[in-house]
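This structure is a prediction, so every number in the text was calculated from the model and none was measured.
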Amino acid sequence: MSEFKRAHRRYSLTSVDAIVAGEVCPVTNVSAGGILIENWKNPPDAGTSGAFKVRPPVGDGVQSIDITGIVVRVQPDGGVAMSYATPGHDWPKLLEFLDLKEREEDGEDSD
């Protein structure tokens, strides 16, 4: 367990990606209030507002959710951490559902 207390549980979801500046980027992890995006070319500086789309799978398709957040960290490896207001009251439930679904597909226990 991490020594850091976080406000929201983080999920490493392989089924979720982000679109920034018109390019699809993988997501390292996502929570109800933040995201870590990989391979964001020319990200804005920390403290800058930025917009992106998150594309979680929903049903037989992919839903696109527009999110505006603030860059809190640009990592040397190219990762960009952003915080944002939860995009909707169902967002935390969607993340939990996707995490459970991926664990079941991978044959892992839910706890």
Side-chain angles (χ1 to χ4, degrees):
M1 184 168 164
S2 172
E3 73 250 27
F4 299 107
K5 283 247 181 206
R6 301 202 184 271
H8 304 285
R9 180 174 174 198
R10 292 178 183 238
Y11 299 95
S12 297
L13 301 172
T14 59
S15 61
V16 176
D17 58 27
I19 300 176
V20 292
E23 292 196 33
V24 177
C25 297
V27 171
T28 301
N29 62 55
V30 61
S31 73
I35 192 167
L36 180 56
I37 301 170
E38 295 179 34
N39 303 330
W40 185 339
K41 296 178 183 168
N42 303 312
D45 294 329
T48 305
S49 292
F52 61 98
K53 292 179 186 285
V54 175
R55 301 185 322 164
V58 178
D60 291 336
V62 175
Q63 182 178 357
S64 183
I65 301 170
D66 293 317
I67 299 177
T68 300
I70 297 176
V71 176
V72 293
R73 183 177 69 251
V74 178
Q75 300 178 171
D77 66 2
V80 178
M82 295 186 74
S83 66
Y84 50 80
T86 300
H89 69 280
D90 290 336
W91 182 244
K93 292 178 186 175
L94 176 61
L95 295 175
E96 187 175 335
F97 169 78
L98 293 172
D99 181 60
L100 180 61
K101 182 178 174 187
E102 285 190 15
R103 288 175 184 264
E104 287 174 351
E105 288 172 358
D106 290 341
E108 295 180 23
D109 291 332
S110 60
D111 279 322

Only pairs under 3.5 Å count here: list side-chain donor-acceptor contacts from residues 42-49, not counting sequence neighbours, and write none if there are none.
{"residue": "T48", "atom": "OG1", "partner": "D45", "partner atom": "O", "Å": "2.8"}

Would you please name every residue forming a side-chain hydrogen bond (donor to acceptor under 3.5 Å, both in side chains) with [X], sequence neighbours left out?
{"X": "S31", "answer": "none"}
{"X": "S15", "answer": "E102"}
{"X": "N29", "answer": "R10"}

| said: Could you see if V30 belongs to whatever hydrophobic cluster contains W40? Use Ile, Leu, Val, Met, Phe, Trp, Tyr and a side-chain cutoff under 4.5 Å. | reply: yes
| task | Indicate if V20 and V62 have the same hydrophobic cluster label, given that clusters are the connected sets of ILVMFWY residues with side-chain heavy-atom separations under 4.5 angstrom. | result | no
| field | side-chain contact (heavy atoms from CB on, under 4.5 Å) between V27 and L13, intermediate numbers included | value | CA-CA 7 Å; V27 171; L13 301 172; over 6 Å; no
| What residue pairs, at least two apart or across chains, pass salt bridge (charged side-chain N to carboxylate O under 4.0 Å, His left out) with a residue in residues 11-33? |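 Listed once each, the pairs are D17-R55, E23-K41.
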| V16 vs L98, side-chain contact (heavy atoms from CB on, under 4.5 Å): CA-CA, chis, key distance, verdict | CA-CA 9 Å; V16 176; L98 293 172; 3.9 Å; yes
| field | Side-chain hydrophobic cluster, 4.5 Å single linkage: members besides I70 | value |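 For I70, no cluster forms, as it stays isolated from other hydrophobic side chains.
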| Apart from I19 itself, residues in the same hydrophobic cluster as defined by side-chain heavy atoms under 4.5 Å |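 Besides I19, the cluster holds V24.
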| Hey, what do you get for NZ (K101) to CG (L94), rounding to the nearest 0.5 Å? |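 Reported to 0.5 Å precision, the distance equals 10.0 Å.
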| query | Quick one: CG on L100 to CG on L95, what's the gap to the nearest 0.5 Å? | reply | 12.5 Å
| task | State which residues pass side chain to side chain contact (heavy atoms under 4.5 Å, CB included) with P87; sequence neighbours excluded, sorted by chain then number. | result | I65, I67, Y84, W91
| task | Sequence neighbours left out, what pairs pass side-chain hydrogen bond (donor to acceptor under 3.5 Å, both in side chains) with at least one residue falling in residues 62-72? | result | K53-D66
Enumerate donor-acceptor pairs with a distance under 3.5 Å from any side-chain N or O in residues 75-83 to protein atoms, sequence neighbours excluded.
{"residue": "Q75", "atom": "OE1", "partner": "R73", "partner atom": "NE", "Å": "3.2"}
{"residue": "Q75", "atom": "OE1", "partner": "R73", "partner atom": "NH2", "Å": "3.1"}
{"residue": "Q75", "atom": "NE2", "partner": "D77", "partner atom": "OD1", "Å": "3.1"}
{"residue": "D77", "atom": "OD1", "partner": "G79", "partner atom": "N", "Å": "3.0"}

